[in-house]
Amino acid sequence: MLIHDLIGIGFGPSNIALAIALDEQRQAGASVNALFIERQESFHWHPNMLLDNTHMQISFLKDLATMRNPSSPFTFVNYLHQKGRLHDFINLKTFYPSRHEFSNYFAWAAAQFDDLCVYGEEVFEVLPEVRDGEVKLLRVRSHGAGGEMHERLTRNLVVSVGGTANVPECFRPFKDDPRIFHSHHYLHRLAANAEANKIAIIGGGQSAAEIFMDLHGRPNAPQIDLVMRARTIKPADDSPFVNEVFNPDFVDHMFSRSAAERSDMLREFRHTNYASPDLDLIRQLFKIFYEQKVAEQARHQFLRRHEVKTVRADANGVHLTLYDQNGKQTITNRYDAVVLATGYQRAHHKALLEPLAPWLGELETDRDYRILTAPQFRPSIFLQGASEASHGLSDTLLSVTAVRTGEIGTALLAAQPAARRVAAGAL
Ligand SMILES: Cc1cc2nc3c(=O)[nH]c(=O)nc-3n(C[C@H](O)[C@H](O)[C@H](O)COP(=O)(O)OP(=O)(O)OC[C@H]3O[C@@H](n4cnc5c(N)ncnc54)[C@H](O)[C@@H]3O)c2cc1C
Ligand SMILES: NC(=O)c1ccc[n+]([C@@H]2O[C@H](COP(=O)([O-])OP(=O)(O)OC[C@H]3O[C@@H](n4cnc5c(N)ncnc54)[C@H](OP(=O)(O)O)[C@@H]3O)[C@@H](O)[C@H]2O)c1
């Protein structure tokens with residue numbers, strides 16, 4: 001069986017950027033035999049949240065390559081040039097392209113690595129290959145769309161699987177109810193609820209706000225309750241000094257601090273990213289609620305400081321019992337559909353790597369995003385998007401992707417000769 005130097009799980013922006021960084025290394029004479037495995041049938045970037053009138057929350061300069069290598073052919077500017085839109089884009093006078101356009105840019109970059117990626121396979125576990133008391137290689141097992149199993153061997157691994165839907169406890173028993181769904185499935189699941197007239201959105205972050213605007217503009221004019229437990233909606237702070245937490249050198253700063261100081265920083269800067277829509281979007285929401293006051297028609301409700309206590313579903317609808325912390329009262333509302341815009345968890349890598357647990361400890365990563373392992377463990381395993389606690393808030397975003405993948409590429413090459421000797425000698 002062919003032994004890969006690197007297998008990457010997932011082919012979203014993080015691993016596309018890594019493929020670009022490795023391609024640069026290859027052109028400089030350092031070749032790595034890499035393969036990426038993606039569960040979707042073709043490249044898509046958060047397809048169920050690809051809503052009209054949404055735009056990037058990050059400058060286009062934080063694309064797949066520019067921050068590491070502005071002369072890369074994989075920059076967003078070169079993409080625009082190739083598509084003949086550079087002049088028109090300049091005239092838009094924006095740093096924030098639409099999500100449709102950035103998604104097309106990612107797809108354009110991904111397509112240039114079609115020979116390095118197998119689509120339509122979901123990795124479900126990674127096993128150790130033990131020889132002479134040492135883990136020398138990793139066996140990556142995946143299922144294809146038809147259920148068939150595939151196995152591949154690799155010297156190193158990079159896990160870049162993104163987030164998984166965070167579903168609040170009280171909604172978990174309803175995972176098969178088509179009327180209750182997470183924002184991650186929004187467009188697909190809404191299609192099956194096209195007639196829904198009364199919809200609750202749970203959450204007060206960017207996803208909740210975007211979905212509110214999307215539903216508000218739908219032709220069937222549904223009535224929407226925006227249900228959140230916070231006191232109000234606060235905007236993402238993207239002012240320049242604060243935004244320095246997303247600079248690549250802030251990763252060094254964060255990583256060099258004690259665990260206590262790191263958690264303080266995450267708490268202090270949480271609202272640069274989480275539960276914090278763009279200010280422009282908040283203004284649009286406010287205007288809608290203001291206009292319904294003018295019209296004296298209370299179509300939508302903003303239920304702040306409301307906690308979902310219980311959920312009941314029957315043929316008549318989904319019934320949410322909500323505790324109003326301000327009014328100190330409990331109400332029960334009936335909905336045709338409920339959208340959980342309740343954010344994401346970052347734990348999928350733990351399940352995939354579970355069989356390696358005896359060698360991996362707490363899954364702590366070093367500065368190069370490599371999991372700290374026991375001495376008898378030869379492969380390097382890198383994590384992208386799962387090191388927020390040690391590397392900072394940029395970790396789950398695109399902010400440092402170009403720089404991070406350069407760092408991983410360099411660390412991988414440094415690990416390469418030893419790994420190759422082991423594989424050639426012992427297996
Ligand atoms: C709606 C939305 C909009 C966003 N907009 C921005 C933005 O404007 N700016 C910003 O900086 N960040 C944004 N983010 C954050 C987002 O995390 C990053 O933009 C980016 O998607 C991270 O790339 P990634 O490759 O790490 O993860 P993902 O994009 O999530 O890609 C992970 C890939 O791994 C695949 N995968 C998962 N598990 C497996 C498996 N077991 N086997 C095989 N394949 C698997 C998935 O199918 C997916 O293609 C947004 C997030 C959301 C949800
Ligand atoms: N245009 C874009 O570029 C775009 C669009 C969408 C998303 N994103 C990005 O995607 C990431 C996630 O954003 P998001 O809005 O999906 O998630 P989020 O920012 O994590 O917000 C989740 C919301 O759900 C609430 N919530 C979580 N658990 C809950 C529970 N058990 N009960 C009730 N409420 C609960 C949170 O409330 P509390 O604060 O009370 O916990 C918060 O209001 C962010 O990085 C965001 O920037 C970007």
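Read the numbers this way: they start at 1 and go in the same order the structure lists the ligands and their atoms. Keep in mind that this is a model prediction, so the values were computed, not measured.
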Starting from [atom], what is the nearest protein heavy atom, named by residue and atom, and what distance separates them?
atom                    : value
atom 8 (O) of ligand 1  : Gln57 N, 2.8 Å
atom 29 (O) of ligand 1 : Pro13 CD, 3.3 Å
atom 12 (N) of ligand 1 : Leu397 CD2, 3.5 Å
atom 47 (O) of ligand 1 : Glu38 OE2, 2.6 Å
atom 39 (C) of ligand 1 : Val161 CG1, 3.8 Å
atom 2 (C) of ligand 1  : His46 CD2, 3.8 Å
atom 26 (O) of ligand 1 : Ser14 OG, 2.6 Å
atom 21 (O) of ligand 1 : Trp45 NE1, 2.8 Å

Taking non-hydrogen atoms only, is [X] closer than 4.0 angstrom to ligand 2 via side chain, backbone, both or neither?
X      : value
Ala341 : backbone
Asn166 : side chain
Glu210 : side chain
His55  : backbone
Thr54  : neither
Val308 : neither

Quiz item: Has Asp278 got any heavy atom lying under 4.0 angstrom from an atom of ligand 2?
Solution: no

Quiz item: Does Arg229 come within less than 4.0 Å of ligand 2, judged by its heavy atoms?
Solution: yes

Self-check item: Cation-pi, Phe255 ring and Arg262 (6.0 angstrom, 45 degrees)
Solution: yes

Quiz item: Do Arg179's NZ or CZ and the ring of Tyr335 fall within the cation-pi criteria of under 6.0 Å and 45°?
Solution: no

Below 4.0 angstrom from a heavy atom of [X], which ligand 1 atoms are there? Numbered from 1 as shown, please.
X      : answer
Ser160 : 32 (C), 33 (C), 34 (O)
Arg346 : 17 (O)
Ile58  : 9 (N), 11 (O)

Would you say [X] and ligand 1 have an N/O pair spaced under 3.5 Å apart?
X      : value
Arg99  : no
Ser399 : no
Arg404 : no
Leu352 : no
Leu398 : yes
Asn15  : no
His55  : no
Val123 : yes

Quiz item: Is a donor on one side and an acceptor on the other found under 3.5 Å between the side chain of Asn48 and the backbone of His188?
Solution: yes

Would you mind telling me if ligand 1 is within reach of the side chain of [X], the backbone, both or neither, using heavy atoms under 4.0 Å?
X      : answer
Tyr344 : side chain
Glu121 : backbone
Met49  : side chain
Ile37  : backbone
His143 : neither

Assess [X] for proximity to ligand 1: is some non-hydrogen atom of it under 4.0 Å away?
X      : result
His349 : no
Gln384 : no
Gly385 : no

Pick from [options]: the one approaching [atom] most closely through a non-hydrogen atom:
atom                    : options                        : answer
atom 16 (C) of ligand 1 : Val159, Val400, Thr396, Leu383 : Thr396
atom 13 (O) of ligand 2 : Gly203, Cys170, Gly205, Ser207 : Ser207
atom 27 (O) of ligand 1 : Gly162, Ala341, Ser207, Ala386 : Gly162

Practice problem: Given side-chain hydrogen bond (donor to acceptor under 3.5 Å, both in side chains), test Thr321 with Thr310 step by step and report yes or no. | Solution: CA-CA 5 Å; Thr321 300; Thr310 57; 3.1 Å; yes

Can you sort out which atoms of ligand 2 are near [X], meaning under 4.0 Å from one of its heavy atoms?
X      : result
Tyr344 : 16 (O)
Gly204 : 23 (C), 42 (C), 43 (O)
Leu397 : 45 (O)
Arg99  : 1 (N), 2 (C), 3 (O), 4 (C), 5 (C)

Quiz item: Is it true that the side chains of Arg39 and Tyr119 contain a donor and an acceptor less than 3.5 Å apart?
Solution: no

Quiz item: Can you find a pair of side-chain heavy atoms, one from Val318 and one from Arg334, that are under 4.5 Å apart?
Solution: no

Exercise. Check step by step if salt bridge (Lys or Arg N to Asp or Glu O under 4.0 Å) holds for Arg404 and Glu407.
Key: CA-CA 5 Å; Arg404 176 175 68 202; Glu407 291 165 348; over 6 Å; no

Exercise. For a side chain to side chain donor-acceptor pair (under 3.5 Å) with His4, tell me which candidate from Asn33, Thr154, Asn156 qualifies.
Key: Asn33

